[in-house]
Every structure is written in structure tokens, then in C-alpha cells.
J.: 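Before I ask anything, let me first share the structure, which is written out below as C-alpha cells.
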Amino acid sequence: MKTVLDLRDVSVDLPLGGFLSRARLPILLDVSLGIAAGESVALVGESGSGKTTLARAVMGLQPISRGTMSLDDQPLSTAADFTRMRRQAAMMFQDATASLSPRLTVGYLITEPFRIHGQPLADPETTARDLLAMVGLPPAIAGRYPHELSGGQARRIGVARALALKPRLLIADEPTAGLDVSVQAEVLNLLSDLRRDMGLAYLIITHNLALVRHVADRVVVLYLGRVVEQGPTAQVFAKPAHPYTASLIAAEPKPDPRQRRADLAIRGEVPSVLRRPSGCEFHARCPLARDLCRRVAPALASTGPGRMARCHFAVTTQQEQGEEHAVEN
Amino acid sequence: MTAIISVENLSISYRVPGGNLRALRDVSLSVARGEVLGIMGESGCGKSTLAAAMINLLPTGARISAGAVRLAGTDMLRLSPEDQRRLRGRSVAMVFQDPMTAFNPVLTIGRQLADFAGAHDPARAAPAALAAMLGRVGIPDPQRCLDRYPHELSGGMRQRVAIAAALLMQPDVLIADEPTTALDVTMEAQIIHLLRDLRSSFDGAIVIVTHHLGVIAELCDRVAVMYAGQVVEEGPVDSLFHDPRHPYTRALLACDPAVVDPASGRLPAIGGRIPDLTALPEGCAFAPRCGMAQPACASPVPRHHPGPGRSVLCHGAGP
Ligand SMILES: Nc1ncnc2c1ncn2[C@@H]1O[C@H](COP(=O)(O)OP(=O)(O)O)[C@@H](O)[C@H]1O
Ligand SMILES: Nc1ncnc2c1ncn2[C@@H]1O[C@H](COP(=O)(O)OP(=O)(O)O)[C@@H](O)[C@H]1O
Ligand code: SF4
Ligand SMILES: [Mg+2]
Ligand SMILES: [Mg+2]
């Protein structure tokens, strides 16, 4: 399958502040990530793990300090590269309603990307109507203002705007945050329809694992700016290789009073990027941590076909499959 | 079990430019000591208005058109000075979704906790007592936390401090309005764990308002489902989750992505949106979105009681 977005060893660091200080604070470290045409990849991790920073770097809104990025085999490094890429890749920001200017009508707002990119529209009204139809909204909505929309409608407008220029890749930062489950379903179904109809590739950023299961072919887990696990979604959920992924999955409250958890899956919080722990940066919260983990940082290594994890004691899939065969035989 | 707090036939509306917005309609609920009640429903259904009424903190535009909120038998919404004296020492405390709104940004945590605690009993405002309470809600290094400012804490830590502040008032009823909505799943799990620990040591009642079904299932004994200002279904958490009777409850439970098999490809959504609360129909407010709607649903809806402790507001729920 053809790769649309390709990130190799991307690192981002920010100035630590202080007038004469040249010290920089690492936020993302050596993140590599590929998204194939039509593929949907989810980026997960607790707040502060660097998800938004990665999305901003891909869109050229945050300079990277190391590594390479490309879209459809075209490098992404100069300002001109990013201007060109913004027609092929679109970003949907976290709070769709807040990012819509309150004084402009929906019809104007969804055709704005054409104006921003200097593409004159012969018939803006028809274009607006087509875009509204694409996201399942009636044409009359074009005359409304953002505050007159429901949460789900505002999110749909966010999707319509992002897709106006027919991109190949959509980056969505927390696309359903703050929505009721009833509306969340509506937005997720829209995203999967558009993917089927337009062959769109997605990078979906979220900390909602239930959502990941529904929308992503593959999942990439970040912890303190590093990839700690990645692999096909169904496999990762069925058998997480990294204890952090396992803890995240176990932390999700189940909507069933008969499945109450007795114990806490994970304690504490993500440490500050100013005080990165020694060795494995997850060790202070890890149920499996041993002395080795406090001293030596594990590398990101293969744990099975298409799967990687950064843990000295990662669960490997070949072995598990071997055992299963043994049981079957 | 006797109720520690009860809401009786409460109706509340807001004056808005379009007319009279009916945020609560004939709501009745009660919570017993030691019990955890969950209130769920989509945004705009009146959950926060109900929570605010239970702590007598309604916004100025709110008008109580009928009903009462009784704490130990006394109507909190219409307190005479004499009742206020009688009620001294009894209280309802609240934890909000964004704890930042409950704190003053320019005062230290210690100073603010002292104010909460000292309002009832100066002895409880001693730093050692405050630190002990912070320790109880899981703040690491409570002594140092007392000298910090709210913005220096993470969202999860602020929510713990807000719970500590509420408990320092030694309330009979603790109300938490979306206490985990702004948090990561890991911190949400920790707050659920904390609240669950508290219920065994805390002798009052807890009311949790949330639209997150997982939080209800993990924590609550009983659940009330709200739609368009009414309690449309109520019951023990196990029977309500496993045998929902109201089509709205069924739809809400069915569209939670956590229960839907990913292989099915699509998530069930509830089409449409909650009705305009300034122009409610005489019949069932859910009818336009309901897959089971019948012509009868356009007429006033009876409340049925399909089992012990259960009630359902639906034409289709009758015997
Ligand atoms: N402009 C900035 N200045 C300083 N620190 C920042 C800035 N932007 C992000 N960070 C830090 O970078 C880390 C990653 O943030 P972010 O990418 O927003 O994470 P996420 O989206 O996963 O919550 C956090 O520790 C955050 O505090
Ligand atoms: N202060 C207010 N003035 C006018 N309308 C309000 C006010 N507070 C809430 N409302 C309206 O009352 C209804 C119920 O709101 P709320 O109690 O906040 O519901 P929920 O917490 O379930 O989202 C909504 O339609 C909301 O817009
Ligand atoms: S390397 Fe050690 S501390 Fe890190 S995740 Fe693996 S077991 Fe846990
Ligand atoms: Mg973010
Ligand atoms: Mg609310």
C-alpha cells in the first residue's frame, strides 16, 4: 500500500526559556510513523504526551529539530512545502465551534478554505451546498451562525471545512471531545463513510480508547513524547505488548455494573517533561518494573508482525501464538 | 431507608429571550444515607440545574415554579431564618467539572481550604487537619500542596483538592457535577476509585452527575436518566443497565462505543436533538427521536413502575 504520510525519527524540542539559556526541552523524541492511503491511524496517550505537538509539526505549525517528514513522497521542510501540503492534508482542531468565527455564516465558513488558498469559486453557493450534503446537513444550514448549531452540527461543519479542498489526509485532534455519546456516534460514522467514499487517510488524535477501537486500523501509543507501542488496533487491544497500553485499556470504566474493577489499573500522573525519569520513563507507574527498568532505557523493538513496543518485558506475539498452537495441537 | 435529601415535584424554568425555558419538569428523587445516586442524560437535559437546586445555588435567572428540595425534612429552597439556624451544621457540598472555577487563583490551597473548613469549625482549619484531608484524597506530599496555588496543580490534582474542600465541610450530601469529564481516563479511574473509597468512610449520600455511562456503572447504586428536564427512568443500577425500559435509556446504552462491537462497522446514533425547552409538546418529549413512538405518545405520558424501585415515563412501558 502506498504511504501517504511518512515521519522518520521526528523530534521536537522547545526553548527552555531564560534570556541567555540555549537549553531546549525535548517534547517529542524520534517518532516514526507511516500512514498508507486510505488507512486510519490513532495516536493515543494521556494529556501532555505530545499528541497535539506532533499534529502541529506535521502541519508545519511547529518546527521540528531532527528527523524527516514527507507527504506523498514530497519532503515537508520548507514553508513552500507546507503551503503545498495544506491542500492535500487538512487539520480538524480540537474545539470545532470555538475555531469557527462567530460573525460568519456557515456557508461562508465552509468555503473559506478556497479563499485562504487563493482558489476562486465560480459558484460558492453550490459548493457550500455540496459540502453540506457531504457531511449530511441540509442546505438551509448555510445561512446559520456557529452559535446556532448543535455540538454535532458544529463538528460536521469542522469536517466539511477540513475536506473542502479534497485532501488525501485528515488530521483530527480529539474529534469527539466534549460530545455526548449519541452525537459522538454520528461524527464517527461520518468519518468512516468519508473514508470509504473518498479513500481518505486519517490521523486521529484522542485519549478515548473506545473510539480508537472503532475508527483506527492501527494505533500508536505515546508516553512522554516517545512511541511506546504500535500495532494493528484489534491485536493491540486483545494483547497489549506494553504495560502502559495494558494499563490504559484496563483504566477505561466499563458501562456495566457487573464488571466493576476492584483495583486501580494505573496510579499517578505523567511526569513533567522537566523531570524525565531515569531508565524506562514509565517505571514509576509500571506494575512490572524491576531494577533494570530504573537503570536502562528500553529500545523500541519488534514484538510480533507489524508490532513494536518499548519495554524490557514486552509481551511478544510470536511466542503467544506458539503457545496457542501448542494448546490446539 | 430514609431519605437524607429529597427532591419533590420540582419544576424550574429560566427566562430567556424566546420565552420560558423549562429546565426541570416535575422531578422527584431521593437519596438515602450511604447511597450513591447517578444522574445521566445528554447535555441540556437539566442535570446541572437539578444539581444546583439540590445545593440551593441556582443561577439568578432561575424560577422555581413548583416543588421542594428537602434536606432532613426542611425545604432548602424556601428557608426561613429560623430554619437556617436549625439546619446549621448540616450541609450539601458540591464538586464541579472544572475545579478551577471553585478556587481563587491568587490564594494558596491551604488558605482556601482553611476558609472552607473554618466556616463550620475553626479547629478543623488547622494546617495538620487540612494536610490530613489532602492525604486522604490521595495528594502526594500534602504539606507542600498547602503552599501551592491552584494553577500549579494538574487537573487531576485540582479535582482531588476540590473533593477535599467539599469533605472539609463535613456535608451530609456530596454532589459532583461531571467530576471526571475534563480528565484523562487514567485520572478518571483514580477519581472513581477515590469516590468509591470515600463512600465507605463517609456517612452521607453522594450524587454523581455525568454523561459518561462507565462512571455511573462503576460507582452508583441507583440511576436517574434525564431527558428534556424530566426523569424518564429510574432504578437500581444493575437492573437499569441490564434491563432498560425507556427507549431513551436503551438508545443511550446502545450507542456507547465501549459496548458496540467494532466489527459491526457502524455505531448506533440517536438521530435528531433534544427538543426546544421553550416549546415542549404535551406528549412525550422524546417521541420525535423514538423508534417505538405510537400515536398515543402525543398525549400526556403516564409513569409506570415495572419493578422494585423502578419507574419509567413512557406510554410503551405499561403492563
Ligand atoms: N508552547 C509550549 N511551551 C511549552 N511547553 C509546551 C508548549 N506546547 C506544549 N508544551 C508541552 O509539551 C508537552 C506535550 O504537549 P501536547 O503536545 O499538547 O500534548 P497532548 O496533546 O498529548 O496533551 C506537554 O508537556 C506540554 O506542557
Ligand atoms: N442560567 C441559565 N439561563 C438560561 N438558561 C439556562 C441557564 N442554565 C441552563 N440553562 C438551560 O437549561 C437547560 C438545562 O441545562 P443544564 O441544567 O445545564 O443541563 P445539563 O447539565 O444536563 O447539560 C438547557 O437548555 C440550558 O441551556
Ligand atoms: S521497561 Fe520496565 S518499567 Fe518500562 S514498561 Fe517495561 S517493565 Fe515497565
Ligand atoms: Mg492535545
Ligand atoms: Mg451540566
Side-chain angles (χ1 to χ4, degrees), chain A residues 44-49 149-153 176-190 192-193 196 206-216 233-234 237 244 247-270 272 285, chain B residues 41-45 138 140 154-157 180-190 192-194 196 211-221 223 236-242 251-274 289:
Chain A
V44 304
E46 289 161 282
S47 337
S49 54
L149 303 173
S150 72
Q153 288 171 333
T176 65
L179 296 182
D180 284 308
V181 280
S182 51
V183 183
Q184 203 177 66
E186 187 188 318
V187 174
L188 296 181
N189 289 337
L190 171 66
S192 58
D193 290 349
R196 187 195 54 220
T206 179
H207 60 250
N208 181 344
L209 294 179
L211 186 157
V212 171
R213 249 187 239 127
H214 287 277
V215 296
T233 306
F237 275 91
Y244 178 57
S247 309
L248 283 181
I249 295 170
E252 245 194 324
K254 308 274 175 301
D256 179 358
R258 292 179 190 169
Q259 291 185 46
R260 288 189 177 173
R261 297 156 303 177
D263 278 335
L264 259 186
I266 183 167
R267 288 168 200 284
E269 302 184 75
V270 184
S272 159
R285 304 171 77 192
Chain B
E42 287 165 286
S43 12
C45 284
S154 70
M157 287 301 145
T180 64
T181 302
L183 305 175
D184 274 330
V185 56
T186 50
M187 193 50 65
E188 174 172 82
Q190 294 179 40
I192 291 175
H193 201 74
L194 169 64
R196 200 191 279 158
H211 65 263
H212 192 164
L213 307 182
V215 174
I216 302 259
E218 283 280 352
L219 263 177
C220 298
D221 302 311
V223 199
V237 66
D238 192 271
S239 65
L240 189 134
F241 270 63
H242 285 278
L252 268 186
L253 292 171
C255 67
D256 189 331
V259 302
V260 181
D261 178 6
S264 71
R266 293 190 78 73
L267 287 160
I270 308 176
R273 52 197 288 195
I274 64 165
R289 302 171 76 185

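We name chains A, B, ... by the order of the sequence lines, and we start the count at 1 in each one. Bear in mind the structure is a predicted one, so any value in this text is a computation, not a measurement.
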J.: Do B/His242 and A/Asp256 get their side chains close enough for a donor-acceptor pair, meaning under 3.5 Å?
T.: yes
J.: Is A/Leu188 in contact with chain B via its backbone, its side chain, both, or neither, using a 4.5 Å heavy-atom distance?
T.: side chain
J.: Could you tell me which portion of A/Ala216 (side chain, backbone, both or neither) has an atom closer than 4.5 angstrom to a non-hydrogen atom of chain B?
T.: neither
J.: Tell me, for B/Pro140 versus chain A, whether the close heavy atoms (under 4.5 Å) come from the side chain, the backbone, both or neither.
T.: neither
J.: Using 0.5 Å steps for rounding, measure from the OG atom of A/Ser47 to the CG atom of B/Leu183.
T.: 8.5 Å
J.: Among B/Val215, B/Asp261, B/Val185, which has the most heavy-atom pairs under 4.5 Å with chain A?
T.: B/Val185
J.: With a 4.5 Å cut-off on heavy-atom pairs, point out which of A/Gly268, A/Ala185, A/Pro253 contacts chain B the most.
T.: A/Pro253
J.: Specify the closest pair of heavy atoms between B/Ala189 and A/Arg261, including all atoms of both residues, with the distance to one decimal.
T.: CB-NH1, 4.0 Å
J.: Quick one, A/Glu269 with B/Thr186, criterion side chain to side chain contact (heavy atoms under 4.5 Å, CB included). Give me CA distance, side-chain angles, the key distance, then yes/no.
T.: CA-CA 8 Å; A/Glu269 302 184 75; B/Thr186 50; over 6 Å; no
J.: Counting heavy atoms not belonging to A/Arg260, are there more than 12 under 6.0 Å from its CZ?
T.: yes
J.: Flag the one option from A/Pro255, A/Ser247, A/Ala251 with the top tally of heavy-atom pairs under 4.5 Å to chain B.
T.: A/Pro255
J.: Against chain A, label B/Leu240 side chain, backbone, both or neither, depending on which of its atoms sit under 4.5 Å from a heavy atom there.
T.: neither
J.: Relative to chain A, which of B/Ile192, B/Val237, B/Leu267 shows the most heavy atom pairs under 4.5 Å?
T.: B/Leu267
J.: Using non-hydrogen atoms only, which part of B/Ile216 is less than 4.5 Å away from chain A: side chain, backbone, both, or neither?
T.: backbone
J.: Identify the two heavy atoms, one from B/Val260 and one from B/Arg266, that lie closest to each other, and give their separation to 0.1 Å.
T.: CG1-O, 3.9 Å
J.: Select, from A/Ala210, A/Pro257, A/Gly48, the one with the greatest count of heavy-atom pairs under 4.5 Å involving chain B.
T.: A/Pro257
J.: For the residue pair A/Ile249 and A/Lys254, what are the closest heavy atoms and their distance?
T.: O-NZ, 4.0 Å
J.: Could you have a look at B/Glu188, B/Gln190, B/His211 and say which one has the most heavy-atom pairs with chain A under 4.5 angstrom?
T.: B/Gln190
J.: Mind listing the closest non-hydrogen atom pair of B/Pro268 and B/Ala254 along with its distance?
T.: CG-O, 3.3 Å
J.: Measure distances from A/Gln259 to the heavy atoms of chain B and classify the residue's part below 4.5 Å as side chain, backbone, both or neither.
T.: backbone
